[in-house]
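Input: a single structure, listed below in structure tokens.
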Amino acid sequence: DVDSTPNDAGDVTLSGGDVTITGTVTATGAVDVASDAAGGSGGALSVTATDGSPLITLAGVSVDTSGGTGTSQGAGGTVDFNDAVSLTTAGTTLTTGASAGDILFDVTVDGGQTLALTSGSGNVVFTGIVGGSTPLGAVTLNAANDVTLTAAFNSAGLNQSTSGGGTTQVGGLLTSTGAVTLDASTVDLNAGITTTTGGASGLVTLNASTLVDLVSGQTVTTTATAGGGADSVVSGAVDINVSGTGTVNLVGNVVTTGDNNSGGIGSGGGAVTIDTNNGTIALADVTTSGGTGSGASGGAAGSLTVTTATNDVITLNGSTLTAAGGTGSSQGAGASINFDDPVTLATGAVTITTGATGGDILFDQTLGGGQTLGLTAGTGGITFTGQVGSSGTPLGALTINSGSTVNVDSDLFAASVMGSSISVFDASGVTLNTTPNSDASGGSVNVTSSGQLTVDGITTSGGTDVDSTPNDAGDVTLSGGD
């Protein structure tokens, strides 16, 4: 193009009983060499198979419908496969360039070859099942706005290598033998993700700037097939990162349990890390436990770390959080569960356990919410750094089933406090308060420690009496070894 009028590419339409494409298809817009206009638009590619069981075969194809360059890049042409697609022979590369231009798979996609897609500011849509008959090879999304996986998706990896500007939505179970990375403004999981290889090849990474969302009843799961003897392959880790003021809302669950090993040590559980830059986090259930060993110890658990970076609230919605070592001839090591920012208990009872072996439970800031809380740390420690509950909204019943050292570093308000199988209980300089904020008797305090037990103050008075039934103080039972 040597004038100000962009020259567009023509559209390409392929139709037949079955359609096989090999080699290269190019329908790119013209380049504006005068540099005074936009580049030409790329031509659209539409492929339709018309026989009784239509099939489109892509045999190592490269398709480019990019717009031409100029003062701005011309729009890319849409690439649309109207019938079932089979990938054969070699990898397939489809690009509509850096500007608009959708890539659409209207039916199923199968075949054990790699697939690389670039749609710029256009969208990528898989309408049918992907890899239902033969899982795809590694799938790479180099650039896209919205990415929609409507149905089940099976591949040897899925990598959204460039952050998408829109929503990446998973509508059917995504199963992969390779790592999965989804990176968009919003990652919307209406179905689960499962990786099966473990280690780096089983990693699930979810990056967003607005929201990472997992709906109820769905699970992000990583596993690793246990080998014989000393199994060193842990389940894949799960790493969730949200920038800006974006949030995390996991109503579904995360499970990175290590595999059981019939010939030795159980496989280890993968670590789970959930980070926001300046946004809230809500969790349901998370399990990072080790697998079961046979004639050997269980696998070690993976750690759970949750942080909002700027003191935003972490909400546990009736959560069960488990990072316990697997069973075997001896139990594998538990792992730490660490909340770096304020925690609120909501909607139901919360249970947190790192099992009978080591694994600390750490609340680095305040802990609130009127729900019951059960903690089991085994030989690990439990630390409450900030205030627990408040006079207006005390925790429900707090039960500590085990822990090496329990540190209560600020005042604690709860309906009751029960502690057992504790080596050291240190609440020096603070008050344990089980006085209710209602017309009820005070809650009990019953703590047993095999070692030192230090409590500076306990308040268990009855709440304000508004009827004829007196409100008694709660019982206090303290038993320390030193």
Side-chain angles (χ1 to χ4, degrees), residues 216 250-251 253 281-287 304 306 313-324 337-339 341-355 359-378 380-403 406-422 425 427 430-448 455 458-463 471-478:
S216 176
L250 305 183
V251 184
N253 304 324
I281 297 172
L283 302 181
D285 296 349
V286 178
T287 303
L304 169 61
V306 186
V313 174
I314 301 164
T315 300
L316 304 182
N317 288 309
S319 304
T320 298
L321 309 177
T322 307
I337 296 178
N338 189 7
F339 304 97
D341 294 285
V343 173
T344 294
L345 312 181
T347 72
V350 172
T351 301
I352 302 174
T353 179
T354 60
D360 296 337
I361 300 173
L362 306 172
F363 297 94
D364 292 345
Q365 297 196 40
T366 58
L367 170 63
Q371 306 296 327
T372 62
L373 176 63
L375 303 176
T376 302
I382 298 173
T383 299
F384 302 98
T385 300
Q387 180 173 300
V388 177
S390 66
S391 58
T393 307
L395 258 62
L398 172 62
T399 303
I400 300 173
N401 297 302
S402 63
V406 175
N407 292 307
V408 182
D409 296 336
S410 297
D411 290 344
L412 185 153
F413 299 82
S416 62
V417 177
M418 306 289 289
S420 59
S421 300
I422 296 169
F425 186 91
V430 303
T431 298
L432 308 183
N433 192 319
T434 60
T435 299
N437 63 352
S438 60
D439 182 10
S441 296
S444 62
V445 176
N446 188 333
V447 178
T448 301
V455 177
I458 296 176
T459 302
T460 67
S461 304
N471 295 326
D472 300 328
D475 296 330
V476 175
T477 304
L478 303 176

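Nearest heavy atom pair, residue G396 against residue A414, reads O-CB, 3.6 Å. Of all heavy-atom pairs spanning S390 and T393, the tightest one is OG-N, 3.0 Å. Residues A415 and A397 approach most closely at CB-N, 3.8 Å, considering heavy atoms. Nearest heavy atoms, G403 versus A377: CA-CB, 4.2 Å. The minimum heavy-atom distance between I422 and V447, with the atom names listed, is CD1-CG1, 4.4 Å.
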What do the steps show when you test I281 against D341 for side-chain contact (heavy atoms from CB on, under 4.5 Å), and what is the final call?
CA-CA 10 Å; I281 297 172; D341 294 285; over 6 Å; no
When you look at L478 and V445, which way does the side-chain contact (heavy atoms from CB on, under 4.5 Å) test go after all the steps?
CA-CA 8 Å; L478 303 176; V445 176; 4.2 Å; yes
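Of the possible donor and acceptor atoms, none in the side chain of D475 sits under 3.5 Å from a partner among the backbone N and O of S444. Within the 3.5 Å criterion, the main-chain N or O of A349 finds no donor-acceptor partner in the side chain of T372. In this structure a side-chain-to-backbone donor-acceptor pair under 3.5 Å is missing from S402 to S421. No donor-acceptor distance shorter than 3.5 angstrom exists from the side chain of Q365 to the backbone of L367, with no hydrogens or angles considered. No donor-acceptor distance shorter than 3.5 angstrom exists from the side chain of S319 to the backbone of V350, with no hydrogens or angles considered.
Residues satisfying the side-chain hydrogen bond (donor to acceptor under 3.5 Å, both in side chains) criterion with Q371, sequence neighbours excluded, are absent altogether. Under the rule for a side chain to side chain contact (heavy atoms under 4.5 Å, CB included), the partners of T448 that lie at least two apart in sequence or sit in another chain are N446, S479. N253 is linked by a side chain to side chain contact (heavy atoms under 4.5 Å, CB included) to T219, A284, D285, counting only residues two or more places apart in sequence or in another chain. Not counting sequence neighbours, the partners of T431 by the side chain to side chain contact (heavy atoms under 4.5 Å, CB included) test are D411, T459. In terms of the side-chain hydrogen bond (donor to acceptor under 3.5 Å, both in side chains) criterion, D364 has no residue partners (sequence neighbours excluded). Listed by chain and number, the residues in a ring pair (Phe, Tyr, Trp, His ring centres under 6.0 Å) with F363 are F339, F384 (sequence neighbours excluded).
Distance check, rounded to the nearest 0.5 Å: CG of L373 to CG of L345 gives 5.5 Å. Between atom CG of residue L395 and atom OG1 of residue T434 there is a gap of 12.5 Å, rounded to the nearest 0.5 Å. Considering CG of N317 and CG of L250, their distance stands at 10.0 Å, rounded to 0.5 Å. For the atom pair CG (L375) and CG (N401), the distance works out to 8.0 Å, reported to the nearest 0.5 Å. For the atom pair CG of L362 and CG of N407, the computed distance is 10.0 Å after rounding to the nearest 0.5 Å. To the nearest 0.5 Å, atom CG of residue L304 and atom CG of residue L283 are 7.0 Å apart.
Tested against L316, the residues V343, T344, T347 include a single side-chain contact (heavy atoms from CB on, under 4.5 Å) partner, V343.
Put simply, the side chain of T354 reaches to within 4.5 Å of the side chain of I361, judged on heavy atoms. N338 has its side chain out of reach of D360: every pair of non-hydrogen atoms, C-beta onward, lies at least 4.5 Å apart.
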